[in-house]
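A quick write-up on the structure given underneath.
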Amino acid sequence: MKNRAESRQRAVGRPLPRIEGRDKVTGKTRFTADVSPSATLWGKVLRSPLPHARILNIDIGKAKKLPGVRAVITARDVSPRLVGKGLKDIPVLARERVLFIGDKVAAVAAVDKDVAEEAVSLIDVDYEELPAVFDPLEAMEPGAPILHPDYDSYEMAEVRAKAVGLHNVQSVVRASKGDVEQGFAAAAHIFEHIFRTQIVHQGYIEPVACLVEVDGEGRAHIWAAQQSPFSIRDKFVDYLSQPKETIIFHPVTVGGSFGGKDHLLDIPLAFYLSRESGRPVKIVRSYSEELMAGSPRHPSVIFLKSGVTKDGRLCAREARVVYNGGAYGSFKPTPRAHMNGGLTQG
């Protein structure tokens, strides 16, 4: 007991260095962008400039002919299976339609970042612009464009309360305690309010990044800024329908996540580009891409009805919260954490 107390006295109230602190401040720490096996290529993604449109044609001819380009892929080069953390509703590359500004349409791998960016600019896409919806309340109205006509057939992972038959709604959760009508009947005053919260990006310093190398035996070696490497490996195994031993995840230091780096993100694209080119492929998002196509905290509309007694005691409350889930339901919180998520385009 004496030694234990002495140990606490030596530690409590005293500054202790972070275990990884010295390596970080001296630049020794390796993040995903620092990993560069021999002959690594740079990957870049072509994203939709429109919030909702039908893809009529994609011409990659000019991009493929650019010196230094080693691979160009579109939806026809990847598995049609959808991915997602909860609801599996996201294509690795858009097939028939794009659903938000920033949706992935094609990807390239080239000898350096500049060539990759030029190659992306040379891909010609013909779009037919479609009506879009940007507000979650409007998205749930009967006349709003349907974002996912095949929603009822989507696979579910973590999400349990699937909102079958509701207009552009991912899931619905209801919770109650006591008799709210009786509570309002006893109220001397009833107040109703509407609040809106805004979208918030996690603000991590390190952008989303990954590097994938498919070796001679077909195994995929993955380095990625991910907070849950085992979960990501399992999701990728499920997507590819390959044995678990063929996916090798190499953990690296993550430069902040806060819930924003817990999805497959660009890993499938780097995998296909590596397999096509026969070389390792690295994809590091710009911060424009982060803010355009990241996984932020979702904005919401909150309806509150509150009943209070004459002496100011709260005797009843009814709440309805509608989350703006964006164009896809994959990155949304599990339904235990929200009431419903209207799908919109942004």
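None of the values given here were measured: they were computed from a predicted structure.
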Report yes or no: do Ser330 and Asp89 form a side-chain donor-acceptor pair below 3.5 Å? no
Is it the case that the side chains of Arg317 and Ser306 hold a donor-acceptor pair, with the cut-off being a distance below 3.5 Å and no angle test? yes
Going by atom types only, do Ser300 and Thr197 share a side-chain donor-acceptor pair under 3.5 Å? yes
Ion pair check, Glu289 and Lys44, cut-off under 4.0 Å: yes
Kindly check if the number of other-residue, nucleotide or ligand heavy atoms within 6.0 Å of CZ (Arg81) is above 12? yes
Charged N to carboxylate O below 4.0 Å: is that the case for Arg18 and Asp23? no
Residues Glu129 and Arg54 bridged, charged N to O under 4.0 Å: no
Salt bridge check: are Lys104 and Asp266 linked by an N-O gap of less than 4.0 Å? yes
Distance to the ring centre below 6.0 angstrom and angle to the axis at most 45 degrees; does that hold for Arg233 and Phe249? no
Take the angle between the ring planes of Tyr323 and His298 and call it parallel below 30°, perpendicular above 60°, tilted in between. perpendicular
Under a 3.5 Å threshold, yes or no: a donor from one side chain and an acceptor from the other, between Glu290 and Tyr204? yes
With under 30° as parallel and over 60° as perpendicular, where do the rings of Tyr154 and His148 fit, or are they tilted in between? perpendicular
What about Val35 and Leu265, same hydrophobic cluster or not, with Ile/Leu/Val/Met/Phe/Trp/Tyr joined at side-chain heavy-atom distances under 4.5 Å? no
